[in-house]
Each structure stands twice: as C-alpha cells, then as structure tokens.
Amino acid sequence: MSEHMESLNFIEEIIEQDLKSGKYAEIITRFPPEPNGYLHIGHASSICLNFGLTKKFPGHTNLRFDDTNPSTEETEYVDSIKEDIRWLGFEWKQELYASDYFGQLYDFATILIKKGLAYVDDSSSEEIAIQKGTPTTIGTNSPCRNRSIEENVDLFSRMKNGEFADGSKTLRAKIDMAHTNMLMRDPILYRIKKAPHHRSGNKWCIYPMYDFAHGQSDSIEQITHSICTMEFIPHRDFYDWAIEKLEIYPSHQYEFARRNVNYTVTSKRKLLQLVQEKHVESWDDPRMPTLSGMRRRGYPAIAIRNFCERIGIGKRENLVDIGLLEFFVREDLNKTTSRVMAVLDPIQLSITNYPSEQTELLPIENNPEDETSGERQVPFSNKLWIEREDFKEEMEKKWFRLAPGAMVRLKGAYIVKCTDFKKDAQGNILEIICEYIPESKSGNDTSGIQVKGTIHWVSQTNAAVAEVRLYDRLFQVENPMSEEGDFLDYINPNSLQIISKAYIEPSLSHAKTGQAFQFIRKGYFVLDKNSTSDNLIFNRTVTLKDNWAKVQGK
RNA sequence: UGACUCAUGGUGUAACGGUAGCACAACUGUUUUUGGUGCAGUUUGUCAAGGUUCGAAUCCUUGUGAGUCAACCA
C-alpha cells in the first residue's frame with residue numbers, strides 16, 4: 001500500500017525521464033567487454049547496472065564483445081566472460097561482436113572520406129604524437145591533411161587490400177588540431193595490423209580504433225543508453241561528432257565512476273601480470289578479484305549482486321571497503337550453509353571416564369537458521385581432536401574455553417571438565433585430559449550445569465582428513481596503485497596459508513565441488529575444484545565475525 | 001598553464017529550495033549449545049568563504065582539494 005518512492009540513481013533518473021517524455025518506448029543497453037582478460041568485481045558493477053536497468057525498465061541488454069584489437073584478444077576470454085555473466089545471474093538478449101561490423105565500419109569510414117572529413121596519413125606514430133601538441137598548446141596539421149578525396153578513397157582501399165606495411169599509414173578524422181579536447185585533434189580511425197583476428201581470421205588487415213567502433217556499434221544496435229566509466233568522458237565529443245556526421249542512429253553515452261575496492265587491484269593489465277609472473281596461481285585463484293576467483297573462493301553470486309546494488313553508482317572517486325562485500329557473503333552463507341565441525345590446528349582431548357571402546361552417534365542440527373535443514377549423526381568417542389587455541393594452561397578472566405578446572409560443552413555432545421594436561425620437554429602441550437558429565441548429554445541435559453563456552457571437536461577414530469587453504473587479502477595496503485613504487489611491492493606474503501592436514505567430521509568426505517559449509521566457529525568454506533576423494537581441499541571463503549579477537553586485541 | 005569531471009559521518013550512497021536518511025564499520029546492552037546469528041540502542045557528516053532566499057547539502061560567485069585527458073589500447 002504505502003508505495004515508498006524508491007530513490008533512483010542518476011542514470012535511472014535520466015531513463016525515467018526519457019521514458020516519461022516519450023523519447024523512447026523502451027531502452028536498450030549493452031555490456032561491452034574486450035575479450036582480453038577475465039571479468040572482475042569492477043565489471044560486476046557495470047553488468048549489474050546495465051542488465052539491472054532493463055529489468056527495472058522495459059527493454060533489453062546485449063552482450064557485445066569489443067574485439068577490435070586482434071593482438072590482445074582470445075576466444076578463451078570470450079568463453080570465460082560468458083560463463084561469468086551467466087553465473088552472476090544475467091542473460092543477454094543478443095550476443096554480438098564489434099568484429100561483425102567490420103564491413104559496415106569500413107563503409108562508414110568511406111563515407112567520412114567522401115565528405116572530406118577523414119584522410120589517410122603517412123605520418124609515423126611519433127610524428128602524430130608531435131602533431132597532437134599538448135593539453136596547453138595547440139597541435140599542428142599533418143602534411144597529409146589536405147589530400148584530395150579521390151586520393152584518400154584510393155589509399156584507404158589499398159590499405160584494406162594489404163598494400164601497405166603495419167604502421168605506415170592510418171586513417172584520421174579531419175576535425176580540429178587546436179581543439180581543447182586532445183581526442184578531437186584528428187583522432188586515428190583505422191590502423192594497419194596484419195595480425196589474425198580471433199574471429200575474422202585474416203580477412204582484415206586494417207582495424208578500427210575504439211573511437212570508430214564503439215559508438216558506431218552502439219548505433220547499429222540502436223543502443224539508447226550507452227553506459228561507460230568516467231575515463232571515457234573526453235571520448236563523448238567524438239562519439240557525438242561521428243554520429244552527427246554519419247547521420248546514424250543517435251545513441252547517447254553516459255558515464256559513471258568505476259568502483260574501486262580496497263586491498264586489491266582491478267586493472268586488467270595488473271591482473272594479467274599477477275597471473276603471468278605467478279604471484280597467484282591463475283585467473284581464478286581465490287585471492288583474485290575476478291568473478292571466477294570469487295566463485296572459486298565461495299562467494300555466492302547473490303552476494304556480489306547485493307554488493308553492487310548497495311554501493312550504487314555515482315560520479316566521484318571511491319574506494320569501497322571489501323568488508324562490505326564480505327558482509328553480503330556472510331549474510332547469504334549464514335542462511336544457506338550446513339554447520340559442520342573441522343579442527344584446523346588439532347590437539348588431543350582424552351576423556352578418562354568415557355568407555356574407550358565405545359562410539360556413539362549424536363544427532364546435531366545442520367543449520368539453526370533453517371528449520372528444514374534437518375540433522376545428521378556425528379560419531380563421538382573418548383579420544384577427540386579439538387582446536388589448540390581452545391585451551392589455556394591457566395585460567396584467565398573472561399576465558400570461556402578450556403583450562404585446568406574449567407568446563408565447556410562439546411558442541412552437540414557432553415559437558416567436559418579439564419582435569420589435567422600433558423606437556424613435552426619443550427613445553428608444547430601434547431594432550432588435554434578431561435572427565436565428561438554423563439547427565440549433560442546434548443538435548444537431554446539433567447546435570448543442571450551451566451557453561452559459558454561451547455567448542456567444536458572431531459572424533460579421532462572417525463575423522464577424515466582434508467587440506468584447508470586459508471586466504472587473506474592479496475595486498476597489504478588499501479590502495480596498491482596509489483602507493484610509491486611498484487604495486488607488487490605491496491603484495492601480502494601471507495595471502496595463502498595451507499593447512500595440509502586438518503581433521504574433519506566424516507560427513508564431509510561426501511562434499512561436492514563448490515558446496516559451501518560453515519565450519520563451526522572457524523568460518524565458511526567451499527570444496528575446491530581441484531579436490532578429489534583422496535585429497536579433499538577446502539577453501540576458506542571468509543571468516544566468521546570474531547568479537548573475541550577484538551576483545552583480545554584491546 | 002588549458003579543457004573536462006567531481007566534493008555529504010571512517011566507507012559507500014540518499015535528499016531534486018523545506019526534519020541531513022539508509023547500509024557497512026565502530027561502540028553498548030540482550031539472546032544464544034558457534035565469543036557466529038538474531039534483537040534493542042549509541043556515536044560520527046554537508047570542503048571553505050561570501051551571496052540569493054522566510055528557508056540552502058541543493059541555486060549563484062570565488063577559492064580550496066582530488067581526479068581525467070597528449071596509446072596506430074579499450
């Protein structure tokens with residue numbers, strides 16, 4: 001009933017007005033990646049924006065690969081991009097490629113030449129750079145600027161036919177070498193590149209530049225709202241110029257500020273470097289900010305979508321706290337994952353008054369947040385593994401775990417009282433000795449004893465073994481790109497910690513790749529894709545919030 | 001010595017000339033067989049100076065600060 005006016009971001013406001021005014025009956029947006037790398041969290045923001053817009057308003061979104069540079073693009077990237085978008089939960093109306101428009105783009109270029117608005121230039125890249133001038137001094141005209149239309153038409157077709165070497169000629173727009181916008185100083189439209197293209201093969205040896213492909217592709221597809229990041233603002237002048245001169249469908253470009261996340265980098269070049277120089281295992285290394293990395297890390301797609309929606313879009317510089325993403329990850333996983341017990345840093349706990357030959361199965365709820373999740377049977381015996389950090393040699397104030405004389409509940413089992421412990425000559429604790437309270441059985445406790453602490457455990461005779469990989473942030477500083485020197489200097493040397501032998505409860509030996517769990521008190525974990533039944537591998541997705549750690553830190 | 005963007009708590013984002021709100025983070029308390037979760041609450045903000053107005057985060061002026069632009073990359 002109470003229809004609250006939902007607040008719109010600035011692009012949604014523009015669209016709402018365009019729809020209301022009748023400028024468009026429906027809108028068309030596009031997500032236009034270049035297939036030269038894997039998608040990352042920054043792309044997720046753009047994907048959620050573009051696809052989200054046409055969920056909210058009538059219209060549709062296309063996927064268009066901006067593949068105009070054959071030397072950097074590969075089909076492997078095309079495939080990963082499609083997989084990542086689908087995983088995020090979006091489906092495009094049409095799958096399109098700028099390379100499909102090479103013929104049309106060539107015709108567009110010829111139109112400009114015939115209108116006297118483009119010319120073939122023999123200048124080298126160095127000469128062109130000099131002609132450009134600087135932001136504060138005007139440029140100079142190329143000596144080729146006044147070639148006749150006939151000569152330009154002839155030269156351009158010979159460029160296409162492969163008569164000239166790479167770099168020997170370009171096609172340039174004839175605009176204004178004194179323009180305050182550097183990009184309007186006769187920008188290059190076409191270059192010669194005798195390289196095979198991932199889709200068109202050797203059919204072409206001239207390729208359009210971004211500026212002479214993107215806006216034109218938008219126009220061909222009748223994109224109504226072409227959304228890109230702020231660094232393309234200076235390109236909008238040319239975007240509009242070309243549409244006007246070509247007299248084609250007037251798409252419009254809108255810009256928002258790219259989303260940056262702290263403790264990571266999201267430049268494709270830097271990410272590629274991290275992979276190539278083996279600072280990480282692969283593009284989908286769980287420490288990477290790529291969508292495939294986050295998927296392997298165990299981040300649910302819904303968490304990424306909620307994150308993107310929450311941070312919204314704007315036009316100002318930003319550095320979003322990765323903690324917000326982690327919040328959404330925990331929020332979803334808390335509701336959906338089964339609780340299980342795993343001991344990462346084991347120490348033996350022996351119960352002296354429990355029959356040594358006995359094993360009993362105890363029912364433990366799978367997820368207290370989900371009444372329908374049921375329960376499972378967990379074996380219990382007199383020799384258990386517990387977490388080394390759950391024991392202290394001497395009792396302290398506010399310590400709710402084990403210490404000599406202290407009592408805790410073993411999750412889902414009994415209350416135990418620590419009676420003794422054993423140390424070796426070096427002072428390492430070898431074993432904790434306890435007595436259990438038979439009347440304190442979980443769910444049937446008649447002991448009347450109240451304890452503050454509950455700890456997790458695994459029965460030694462029934463335990464399975466797994467490798468557990470603990471991940472931390474990839475960089476030690478919030479913004480590696482703004483620090484002095486090389487960003488690689490700021491890599492966190494402890495971003496990956498491998499525990500080769502953790503003890504896990506037997507139910508976990510049937511886990512499936514990608515299946516997520518909460519290891520009680522330790523965090524959320526997911527079975528890695530390289531896991532086998534002989535060698536189980538769990539990735540820690542994210543820790544639980546830890547108030548105890550905060551108290552200790554004080 | 002240019003053009004173009006931008007400026008709201010620690011972070012991100014609302015407000016469309018009329019009560020500065022939301023989320024995260026932080027901090028209290030409470031619940032809890034996870035020091036998790038849930039619940040209740042607290043703290044913290046309009047870059048500055050002028051101006052217009054009954055009234056300014058919002059409009060105007062000036063200043064300050066940050067970012068972008070000179071790839072045959074996208």
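Below, chains carry the letters A, B, ... as their sequence lines are ordered, and counting in each starts from 1. All values below come from the heavy atoms of this structure, side chains included, with hydrogens, waters and symmetry mates left out. Only a predicted model underlies this, so the values are computations on that prediction, with no experimental measurement involved.
Minimum atom distance to the side chain of A:Asn318 is reached by B:G12, of the listed B:C27, B:G12, B:A14. For A:Thr170, whose side chain is taken as the heavy atoms from C-beta onward, the closest listed nucleotide among B:C72, B:G35, B:G2 is B:C72. Considering only the side chain of A:Glu317, B:A66 comes nearest among B:C27, B:G35, B:A66. In this structure, the nucleotide among B:A74, B:A26, B:U13 sitting nearest to the side chain of A:Tyr210 is B:A74. Picking from B:A74, B:C69, B:G12 the nucleotide with the shortest atom distance to the side chain of A:Pro234 gives B:C69. Picking from B:C4, B:G36, B:C73 the nucleotide with the shortest atom distance to the side chain of A:Leu544 gives B:G36.
Taking for each of A:Ser124 and A:Phe10 the nucleotide of RNA chain B with the nearest heavy atom, the 5'-most of the two is the partner of A:Phe10.
No hydrogens or angles were tested; on distance alone, a donor-acceptor pair under 3.5 Å links the side chain of A:Gln518 to the base of B:U34. At a cut-off of 3.5 angstrom, counting only N and O atoms as typed in the model, there is a donor on one side and an acceptor on the other between the side-chain of A:Arg409 and the base of B:U33. Residue-to-nucleotide contacts include no donor-acceptor pair under 3.5 Å from the side chain of A:Thr454 to the base of B:U34. Under 3.5 Å, the side chain of A:Arg521 and the base of B:G35 form no donor-acceptor pair of N or O atoms.
As the counterpart of B:A7, B:U64 is assigned, both hydrogen-bonding distances of the Watson-Crick or G-U wobble pattern falling under 3.5 Å. Nucleotide B:C69: paired with B:G2 (Watson-Crick or G-U wobble, both distances less than 3.5 Å). When both pairing distances are held under 3.5 Å, B:U34 makes no Watson-Crick or G-U pair with any nucleotide shown. Under the Watson-Crick or G-U wobble criterion, with both distances below 3.5 Å, B:G55 has no partner in any strand shown. Remark: B:C22 base-pairs with B:G12. Criterion, Watson-Crick or G-U wobble with two distances under 3.5 Å. Base pairing of B:G41 is made with B:C27, judged by Watson-Crick or G-U wobble geometry with both donor-acceptor distances under 3.5 Å.
A:Tyr106 carries A:Lys160 over the face of its six-membered ring, with the cationic atom under 6.0 Å from the centre and within 45° of the normal. For A:Arg158 and A:Phe164, the positive end is not near the middle of the six-membered ring at less than 6.0 Å and at most 45° from its axis.
The CD-C1' distance, from A:Glu12 to B:U13, rounds to 13 Å in whole Å.
Under a 4.0 Å N-O distance rule, the pair A:Asp186/A:Lys132 does not qualify as a salt bridge.
At least one donor-acceptor pair under 3.5 Å links the side chain of A:Asn367 to the backbone N or O of A:Glu369.
Checked options A:Gln253, A:His235, A:Arg64; the residue passing with A:His214 is A:Arg64 (criterion: side-chain contact (heavy atoms from CB on, under 4.5 Å)).
Contact between the side-chain N/O atoms of A:Lys522 and the OP1/OP2 oxygens of B:G36 is not found at any separation under 4.0 Å.
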